[in-house]
Amino acid sequence: MEYVSDLDTPLLRLSDKDYFTLRDAAEGVAVFGAIGSGKTSGMKTLATAYLRAGMGGLVCCAKPDEVELWKRYAAEAGRSGDLVLFGEGGHGFNFLDYELRRQGMRGIGSVTECIMQIVEAEKVVMTSSGGGEPFWERSPRQLLNNTLPLLFAARGVIRMEDIVRFLGSAPQTPESLSDKEWQARSFMYQVLRRAMSEPCAPIDQDDGRSITEFWQRQYATLDTRTRSNLLINLTTLLDRFLRGRMRDLFSRQTTVVPEETFGQGRIIVLAMPSLSWNEDGLIAQHIFKYMWQRAVLRRNTLPQGYRKRPVFLWVDEAQYFVNKEDAKYQSTCRSSLGCTVYLSQSLPSYHAAMGGEKAKPTTEQFLGNFVSKIFMSNTDPETNDWAARTIGRTLVIRRNFNTGWSSSTGRGISSNSGTSSSSGTGSNSGHGPGGYSGGSSSSNQKGANEGRGRSAQRNDSRSGGEGGSEVMDYAVEPGVFVHNLRSGGPANNFMVDAVLMKGSRSFHATGNAVLPITFSQR
């Protein structure tokens, strides 16, 4: 299938004038969202955009339904023919043989590191604690460095069962190497003699002398308990590759190699979901992911046809698959057109996966290499606070206002009344020469007055004021991720809201590095 390689090629439309480009994809995308936030289904839009662009890719699977999900994605994008289900259909990847064929005897150290990834994967899967004492960290590597060259020199191939058999027959005392009885029954001695006298792949003379001295003067002189613990720890880790599906996947034939993703555009889905394959699935995916990352980083040393096609690494429920190597890969994969998408619920889930005292700075280093971050609905306060801090502060205007109201009422009543009265009587009589005369008079007066008055009054008044001040505050408050983002489903018309932050970019729609976006689940 044809593919895009120009970094400025638009892959997805974000707004009327904003696009998600191949350059954005190559700088990495980290997605956060709570369970039920629409994280997986909402990101279908981005996944199918990668497929339509002709990318090859590797998909890690935690949940059993993810295999079917990617089958649908590939069918919708017309890419079903490029799908490879590793874990089904008899596929295998003998990564030891693959690495040896690529590098030969000079690459034995690289094979050691591949096996050490099994040790690291077991540690990630089985415990969240940090590293142990330096001795127990170095010892498996030292054993392997003194085992693998002999096996390859003697047999021309390295197999898991031969490593375990070799270690189990190693000398227990310094005198063992010269003991005829021990020599007769020891697989290790037979390998050593063949490597030195009839090698399939010649071993450097100085290296051969150094290896012999290690087994005779260092290993054989160790305290019995220490030696026993070393053997048990390493052989127990390798034991799962000696039987069943892990043997069939990694210790037999090779039908799939990482280079197919950028050479032929294959989409390798690790069809061994960790929630159904359990520890086997997790360890297997850790190993394949590690080998694939190494292949991507060295692709620019390959012929031109292997360099131009972009490839993606898609890891949902990333807390199951992340390890310390991911930070190294993410810091350099852009130049190899490696496009990484990691999805997880929360920041604490990454801390737990990294483990140890340095879990937090290791997580911050890892996530700091993702230039694009997408935040969906989330109820984890630590993640939401970190999201707000990551997006950063901006100059905002804080409004302030005040209002006032007053009321007064007055009432009054007045009244008056009064009365007045007067009375009088009088009489007179007299005798005169002409006769007799007399008279009388009386009077009575009364008056009254009354008055009453009433008055009332009411006064109301209101006052208010408004102002603002410029302050630095979160561009997106932590509460937005709790209250304001839709999480899909019928109640939200199957629409999922998110906040996209893209460092060193100014979106046309917002004028800054933050853009609200919406994905459809359909």
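All values below were derived from every heavy atom in this structure, side-chain atoms included, with hydrogens, water molecules and symmetry-related copies excluded.
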In terms of side-chain geometry, is the basic nitrogen of [X] or [Y] positioned less than 4.0 Å from the acidic oxygen of its partner?
| X | Y | result |
| --- | --- | --- |
| Asp316 | Lys39 | no |
| Arg240 | Glu279 | no |
| Glu68 | Lys63 | no |
| Arg389 | Asp385 | no |
| Lys44 | Glu76 | yes |

Hydrogens and angles aside, do [X] and [Y] bring a side-chain donor and acceptor to less than 3.5 Å of each other?
| X | Y | result |
| --- | --- | --- |
| Arg294 | Ser110 | yes |
| Ser487 | Ser377 | no |
| Asn145 | Thr112 | yes |
| Thr21 | Asp24 | yes |
| Asp497 | Thr518 | yes |

Within the structure provided, determine whether [X] and [Y] are in side-chain contact (heavy-atom separation under 4.5 Å).
| X | Y | answer |
| --- | --- | --- |
| Val111 | Gln103 | no |
| Cys339 | Leu22 | yes |
| Glu66 | Leu275 | no |
| Met272 | Leu249 | yes |
| Asn493 | Arg486 | no |
| Val480 | Tyr474 | no |
| Gln345 | Glu317 | yes |
| Thr510 | Ser15 | no |

For [X] and [Y], indicate whether the former's side chain and the latter's backbone hold a donor-acceptor pair under 3.5 Å.
| X | Y | value |
| --- | --- | --- |
| Thr254 | Asn94 | yes |
| Arg299 | Arg307 | yes |
| Thr9 | Ser5 | no |
| Gln117 | His286 | no |
| Thr363 | Ala359 | yes |
| Asp380 | Leu347 | no |
| Asp326 | Asn323 | yes |
| Thr255 | Gly92 | yes |
| Asp18 | Ala509 | yes |
| Thr48 | Thr45 | yes |

Quick one: [atom1] on [X] to [atom2] on [Y], what's the gap to the nearest 0.5 Å?
| X | Y | atom1 | atom2 | result |
| --- | --- | --- | --- | --- |
| Thr40 | Leu69 | OG1 | CG | 7.5 Å |
| Leu58 | Trp314 | CG | CH2 | 13.0 Å |
| Arg79 | Tyr73 | CZ | OH | 15.0 Å |
| Phe262 | Tyr306 | CZ | OH | 8.5 Å |
| Thr390 | Lys373 | OG1 | NZ | 6.0 Å |
| Gln330 | Glu27 | CD | CD | 10.0 Å |

Pairs involving [range], ordered by first then second residue, that meet ring pair (Phe, Tyr, Trp, His ring centres under 6.0 Å) (sequence neighbours left out):
| range | value |
| --- | --- |
| residues 489-514 | none |
| residues 319-342 | Tyr342-Phe366, Tyr342-Phe370 |
| residues 93-118 | Phe93-Tyr98, Phe93-Phe288, Phe95-Phe250 |

Of the non-hydrogen atoms in [X] and [Y], which two are nearest, and what is the gap between them?
| X | Y | value |
| --- | --- | --- |
| Leu367 | Ala30 | CD2-CB, 4.4 Å |
| Asn484 | Gly479 | OD1-O, 4.0 Å |
| Ser251 | Met160 | OG-CG, 3.6 Å |
| Ser336 | Asn300 | OG-ND2, 3.8 Å |
| Leu485 | Met376 | CD1-C, 3.7 Å |
| Glu113 | Arg141 | OE2-NE, 2.8 Å |

Kindly determine whether Val4 and Leu11 satisfy side chain to side chain contact (heavy atoms under 4.5 Å, CB included), including the steps that lead there. CA-CA 9 Å; Val4 302; Leu11 302 181; 4.2 Å; yes
Does CD1 in Ile35 sit with more than 12 non-hydrogen atoms of other residues, nucleotides or ligands closer than 6.0 Å?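 Counting neighbours around CD1 of Ile35, 12 or fewer heavy atoms of other residues, nucleotides or ligands fall under 6.0 Å, so no.
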Would you find more than 12 non-hydrogen atoms of other residues, nucleotides or ligands less than 6.0 Å from Arg102 atom CZ?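 Yes, enclosed.
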Enumerate, atom names and distances included, each donor-acceptor pair closer than 3.5 Å involving a side-chain atom of residues 263-270, sequence neighbours excluded.
none

Using the rule given for salt bridge (Lys or Arg N to Asp or Glu O under 4.0 Å), can you reason through Glu161 versus Arg252, listing the C-alpha separation, both sets of side-chain angles and the distance that settles it, and then say yes or no? CA-CA 11 Å; Glu161 51 263 45; Arg252 292 291 183 260; 3.6 Å; yes
Do Tyr350 and Trp386 have their ring centres less than 6.0 Å from each other?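 No.
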With sequence neighbours excluded, what pairs up with Arg247 under the side-chain hydrogen bond (donor to acceptor under 3.5 Å, both in side chains) test?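 For Arg247, no residue satisfies side-chain hydrogen bond (donor to acceptor under 3.5 Å, both in side chains) once neighbours in sequence are set aside.
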Assess the residue pair Tyr50 and Val341 against the criterion (side chain to side chain contact (heavy atoms under 4.5 Å, CB included)); give the C-alpha distance rounded to whole Å, side-chain angles, the decisive distance to 0.1 Å, and a yes or no. CA-CA 11 Å; Tyr50 285 10; Val341 181; 3.6 Å; yes
Run Met495 and Ser520 through side chain to side chain contact (heavy atoms under 4.5 Å, CB included) and show every step you take. CA-CA 5 Å; Met495 304 305 288; Ser520 174; 4.0 Å; yes
Candidate list Trp70, Trp292, Tyr3, test ring-ring contact (aromatic ring centres under 6.0 Å, His included), partner Phe312, passing option: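 Between Phe312 and the candidates, ring-ring contact (aromatic ring centres under 6.0 Å, His included) is satisfied uniquely by Trp70.
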Begin from the C-alpha positions of Ile158 and Ile108 and carry the test side chain to side chain contact (heavy atoms under 4.5 Å, CB included) through to its verdict. CA-CA 10 Å; Ile158 296 177; Ile108 289 292; 4.2 Å; yes
Set of residues satisfying salt bridge (Lys or Arg N to Asp or Glu O under 4.0 Å) with respect to Glu364, sequence neighbours excluded: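 Per chain and number, Glu364 pairs via salt bridge (Lys or Arg N to Asp or Glu O under 4.0 Å) with no residue.
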